[in-house]
Amino acid sequence: MTTSGPTAPDFDPTVLRQKYRQERDRRLREDGNDQYVEVTGRFAHFLDDPYSGPAPPREPLTDEVEVVVIGGGFGGQLASVRLQQAGVEGVRIIDPAADFGGTWYWNRYPGIACDIESYTYLPLLEETGYMPKQKYATGKEILDHSQAIARKFDLYRDVCFQTRVEEFHWDEDEARWIISTNRGDRMKAHYLCLATGPLNRPKLPGIPGIEEFEGHSFHASRWDYAYTGGDCEGNLEGLRGKRVGIIGTGATAVQCVPHLGEWAEHLHVFQRTPSSIDVKTNPATDSEWAGRLTPGWHQRRMDNFNSLVSGVPQEEDLVNDGWTEIITKLVAGIRTGKSNDLSAEGIGQAVELADFEKMESIRARVESIVEDPATAEALKPYYRQFCKRPCFHNEYLETFNRANVTLVDTHGKGVERITKKGVVVAGQEFELDCLIYASGFEIGTDYSRRAGFQIHGRGGKSLTETWADGVRSLHGMHVRGFPNCYIMSNPQAGFTASYPHLLNEQAKHIAYVVKAANDAGSRSVEVTEEGEAAWVGQCIEKAQVTGDFFENCTPGYYNNEGKASERGAQDGFYGGGSPEFIKILDDWRAEGSLKGMELK
Ligand code: NDP
C-alpha cells in the first residue's frame, strides 16, 4: 500500500520497512562486538604515536595534587576549566599523547573535519573569545583550539604528557588515590576525574589472516604520513604508484577516501555497510552575524541543537543543517496541520515517514552522482538516518567515478580474509601495497580495557569486577566503592550528538560536587547504595524508550553491533534523552543537598 493524501510520499513505507529489515538481518552476526580484535600483543604497534618522537626524560613524580584528570581532550580540559572556575586549585592532567587535543590529537587523517557545526561543537568559545572560521571546522582548527584553551587556562603548567596510567588505588586511610604510571610515577590525588573519551581505542576487524599481510598497514587514527606523504589537507605524494585498500566506510573513511583516490595508483574501498552521505554546505563565518551575538549565545545554540536532534521541538532552528532538518520539518508539518495525529504513536509514525523521506533523498543523491549503476546501488544506505552516524561530504560519492577507484561491496558480509598480498572478498584476491583500517573504535567493551588502566576502589575491588554484571552509577559519573572519583563517559549519561556538550555538562557537575565536598571539609564523597540503585533502576526503565529503535537498526556501534538488548538497558545511554538528563543534573545541583551521596 502506498500512503495517500496531501502528504503522500512517492515510496511505499511497507516495502521500505521490509528492505531495511532484510539489510539489517543479513548483517547480524553471532559474535557481535567480539568480531573485533583488540590492539594488544602483536597488534599493539597500531597504537604507536606517529606524530611525536620519544618522550623526553623526566623524574618520576611522587607528589600530591588536589585533582588528577585523565585525558587532555575536550573532556579533561572542560573538567579542569570548570574546576578552576569553582576555585579548586591543584589540577594535573595526564595523557599518553604529546599534547592536548584528545581525539583531535590522534585523528589527523587527510580530510579530517567535524561535521557537527563548529559554533556548537567547539567548547569554551565565549570564554576564549574564539570564533570558528567556517560553519564546519577542520581537524587542524579544532586541534589548534584545544591547544589555545590549554594556553588560555594555563593547563600546560601541570600536565604529564606521554604518560600512561597503569593503575589507580584508593587508599582508605589517607583518603587519597595512588596513581602509578609507565613513567615510574607514584603520585597521590584527593580526587580523580576520568575523561578518557568515548572513541579512544582503535579496534581492528577480526578478519581471518589479518596478521599475515606483508604490505604496509595502519589504523586511520594513527595516520602514517611518513609512508603516504602529505598532511591532513591531502597531497599524499607517497601513494603515487601504490595500490591502496581501505577497510571501513564510516565517517572516517568518508573523509579520507577522496584524498586516497586522488593520489593512489588504485584505491579499493572495501565496504560492508554504506554510510548516508548528505550534502555539506560550509560557508565562511559571517562577521556581521558574529558581531551581533549576545552573551550566552553559545550555550543557547548548543541547547537548541541538542534539543532538536533529541526530538524536542523548538521555536526556532538556530543551526539549520542536515542534523536538525528532520525534526524541524516535522514541527513545521505539525504547525501547518500536515501531521495532525499528535499521540505518541502518531508522532512516531510521522517521524518514521519523515525519516523515509530523508533517506530516499539521500539515496536519490547517490544515484544522481555515481555514474556506474551497480556502484550507485551498492552505495545506497537502507536504514533509518540515526541508526548510524550520518555523514556529510561533497566529494566522497564523486570519488567512485574515478577510473582508479573501485568499490568492493561485500553485501553486508565484510571482508572474507586477508592474505600476505592483500584482501579477499567473495573468493577474489585484491593485491595491495598498503591497507588502511578505518574500522572504528572500541565501544561497549570493558571500561578499563578501553581506558588502558585498572581502577581499584575501596577494599581493592576493581571497576571491572564492580561492573561485571552491568554498569552501576549515579548519573553515569559516581560509582559506589570509588569515592572521590568521577567518570566522564556515556553509559547512564545522556547522549548528545555534539559530544563536547555532554562533557561540558558533566564538567560543571563534577566541579560543583568537588567544591561542595571541599566546602563541607569532607575527606571523601561517594554515592550511597540507595542513590546508585535508584539511578540504575531509572536507567533501565528509561532504556525502553530507545530500545526498540536501536533493536531494529542495522548493526553498528550505536546498537552494540546488533545486540542492543543484551546490555543496552543498563549499559547504554540514559534513555530519557540528554535534554532530560541535563535537566536532572541541573535540578539536582539546585536542590543542593548532594542527594544520593554521602560525605565522610
Ligand atoms: P565506524 O565504527 O563508524 O566505522 C567502521 C567501519 O568499518 C564501518 O564501515 C564498518 O562496517 C567497517 N568494518 C568493520 N569490520 C569490517 C569488516 N570485517 N569488513 C569490512 N568492513 C568492516 O568508525 P569511524 O572511525 O568511521 O567513525 C567513528 C565515529 O567517529 C563516527 O561514528 C563519529 O561519531 C566520529 N567521527 C566523526 C567525524 C565527523 O565529524 N565527520 C569524522 C570521523 C569520525 P559496518 O558499518 O558494516 O559495521
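Order of listing sets the numbers, starting from 1, for every ligand and every atom in it.
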> Starting from atom 12 (C) of ligand 1, find the nearest protein heavy-atom neighbour and note its residue, name and distance.
Gly248 CA, 3.6 Å
> Starting from atom 20 (C) of ligand 1, locate the nearest protein heavy atom and write down its residue, its atom name and how far away it is, to 0.1 Å.
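Checking every protein heavy atom, the shortest distance to atom 20 (C) of ligand 1 gives Ile247 CG2, 3.7 Å.
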> Which pair of non-hydrogen atoms, one from Ser489 and one from Leu502, has the smallest distance, and what is that distance?
O-CD2, 4.1 Å
> How far is atom 27 (O) of ligand 1 from its nearest protein heavy atom, and which residue and atom name does that atom have?
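The answer is Thr252 OG1, 3.9 Å.
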> Find all atoms of ligand 1 within a distance of less than 4.0 Å from any non-hydrogen atom belonging to Ser439, and give their numbers and elements.
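Contacts of ligand 1 toward Ser439, numbered from 1: 5 (C), 7 (O).
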> Counting from 1, what ligand 1 atoms have a heavy atom of Ala113 closer than 4.0 Å?
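Answer for ligand 1: 39 (C), 40 (O), 41 (N).
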> I'd like to check which ligand 1 atoms, numbered from 1 as shown, lie under 4.0 Å from a non-hydrogen atom of Tyr109.
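Taking each heavy atom of Tyr109 in turn, ligand 1 has 42 (C), 43 (C) under 4.0 Å.
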> Check Ile93, Ile487, Asp95, Thr196 against Ile70 for a side chain to side chain contact (heavy atoms under 4.5 Å, CB included) and give me the one that passes.
Thr196
> Establish, yes or no, whether a centroid distance under 6.0 Å links the rings of Phe392 and Trp323.
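Close enough - the centres of the two rings lie under 6.0 Å apart.
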> Under 4.0 Å, heavy atoms only, figure out whether ligand 1 is touched by the backbone of Tyr136, its side chain, both or neither.
neither
> Verify the ring-centre separation between Phe400 and Tyr396: is it less than 6.0 angstrom?
yes
> Would you tell me which option among Phe441, Tyr437, Tyr499 has the nearest heavy-atom contact to atom 28 (C) of ligand 1?
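Closest candidate by heavy-atom distance is Phe441.
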> Give a yes/no verdict on a cation-pi contact between Lys203 and Tyr557, requiring under 6.0 Å between NZ or CZ and the six-membered ring centre and an angle within 45° of the axis.
no
> Tell me if a side-chain donor or acceptor on Gln147 pairs with a main-chain N or O of Asp99 at a distance below 3.5 Å.
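Such a contact is absent between Gln147 side chain and Asp99 backbone.
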> Where on Pro205 is there a heavy atom closer than 4.0 Å to ligand 1, on the side chain, on the backbone, on both, or on neither?
side chain
> For ligand 1, is there an atom lying under 4.0 Å from some heavy atom of Tyr36?
yes
> Please tell me if the side chains of Leu143 and Arg108 come closer than 4.5 Å, counting only heavy atoms from C-beta onward.
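A side-chain contact under 4.5 Å exists here.
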> I want to know whether Tyr437 and His219 have ring centres closer than 6.0 Å.
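Aromatic pair excluded; centres sit 6.0 Å or further apart.
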> Would Ala251 count as being in polar contact with ligand 1, using the rule that some N or O on each side must be under 3.5 angstrom apart?
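N/O-N/O distance below 3.5 Å exists for this pair.
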> Determine whether the side chain, the backbone, both or neither of Ile207 has a heavy atom under 4.0 Å from any heavy atom of ligand 1.
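It is the side chain that touches ligand 1; the backbone stays farther off.
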> If you measure from the Lys or Arg side-chain nitrogens to the Asp or Glu carboxylate oxygens, is any gap between Glu212 and Arg417 under 4.0 Å?
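Yes, this pair counts.
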> Looking only at heavy atoms, is any part of Ser221 under 4.0 Å from ligand 1, and if so is it the side chain, the backbone, or both, or is it neither?
neither
> Show which atoms of ligand 1 fall inside a sub-4.0 Å distance from at least one heavy-atom site of Gly414.
19 (N), 20 (C)
> Has ligand 1 got any nitrogen or oxygen that is less than 3.5 angstrom from a nitrogen or oxygen of Gln35?
no
> With the threshold set at under 4.0 angstrom, would you say Ser275 reaches ligand 1 through any of its heavy atoms?
no
> Just to be sure I'm reading this right: ignoring hydrogens, which of Thr249, Ile210, Ile116 gets closest to atom 9 (O) of ligand 1? Compare them by their nearest heavy atoms.
Thr249
> When you compare the side chain of Leu435 with that of Ile418, does any pair of heavy atoms fall below 4.5 Å?
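Contact flag for Ile418/Leu435 side chains = yes.
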> In terms of residue, atom name and distance, what is the protein heavy atom nearest to atom 6 (C) of ligand 1?
Ala438 O, 3.3 Å
> When the aromatic ring centroids of Tyr119 and His298 are compared, is their separation below 6.0 Å?
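When the ring centroids of Tyr119 and His298 are compared, they turn out to be at least 6.0 Å apart.
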> Does either side chain, that of Glu442 or that of Thr445, offer a donor lying less than 3.5 Å from an acceptor on the other one?
yes
> Quick check: does any side chain N or O of Asn394 sit under 3.5 Å from a backbone N or O of Val279, one acting as donor and the other as acceptor?
no
> Can you confirm if the NZ or CZ of Arg384 lies within 45° of the ring axis of Phe549 and under 6.0 Å from the centre of its six-membered ring?
no
> Is there at least one pair of N or O atoms, one from Gln271 and one from ligand 1, spaced under 3.5 Å apart?
no
> Of all the non-hydrogen atoms in the protein, which one sits nearest to atom 48 (O) of ligand 1, and at what distance?
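Here the closest protein heavy atom is Arg272 NH2, 2.9 Å.
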> Heavy-atom contact check, 4.0 Å cutoff: does Cys114 meet ligand 1?
yes
> Check for me whether Tyr121 has a heavy atom closer than 4.0 Å to any atom of ligand 1.
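Checking ligand 1 against Tyr121, which is what was asked, there is no heavy-atom contact under 4.0 Å.
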> Using heavy atoms and a threshold below 4.0 Å, how should the contact between Gln255 and ligand 1 be classified: side chain, backbone, both, or neither?
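The answer is the side chain of Gln255.
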> Quick one: are the ring centres of Tyr225 and Tyr51 less than 6.0 Å apart?
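Ring centroids of Tyr225 and Tyr51 are no less than 6.0 Å from each other.
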> Please determine whether any non-hydrogen atom of Thr410 lies less than 4.0 Å from an atom of ligand 1.
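Checking ligand 1 against Thr410, which is what was asked, there is no heavy-atom contact under 4.0 Å.
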> Tell me if the aromatic rings of Phe386 and Phe550 count as close, with their centers under 6.0 Å from one another.
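No, too far apart.
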> Is any NZ, NE, NH1 or NH2 atom of the basic residue among Glu38 and Arg449 found under 4.0 Å from an Asp or Glu carboxylate oxygen of the other?
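The answer is yes: the pair qualifies as a salt bridge.
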> Side chain or backbone, does Thr273 bring an N or O within less than 3.5 Å of an N or O on ligand 1?
yes
> Quick check: Ala253 and ligand 1, any N/O pair under 3.5 Å apart?
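N/O-N/O distance under 3.5 Å: no.
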> Could you tell me whether Arg27 approaches ligand 1 through its side chain, its backbone, both or neither, with non-hydrogen atoms closer than 4.0 Å?
neither
> Just by distance, do the side chain of Ser368 and the backbone of Arg365 share a donor-acceptor pair under 3.5 Å?
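It does hold such a pair.
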> Any non-hydrogen atom of Lys388 lying under 4.0 Å from ligand 1?
yes
> Looking only at protein heavy atoms, identify the closest one to atom 35 (C) of ligand 1 and say how far it is in Å.
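Scanning the protein heavy atoms, the shortest distance from atom 35 (C) of ligand 1 goes to Leu199 CD1, 4.1 Å.
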> Closest non-hydrogen protein atom to atom 41 (N) of ligand 1, residue and atom name please, with distance?
Asp115 OD2, 2.9 Å
> For atom 33 (C) of ligand 1, which protein heavy atom lies nearest, and how many Å away is it?
Arg389 NE, 3.6 Å
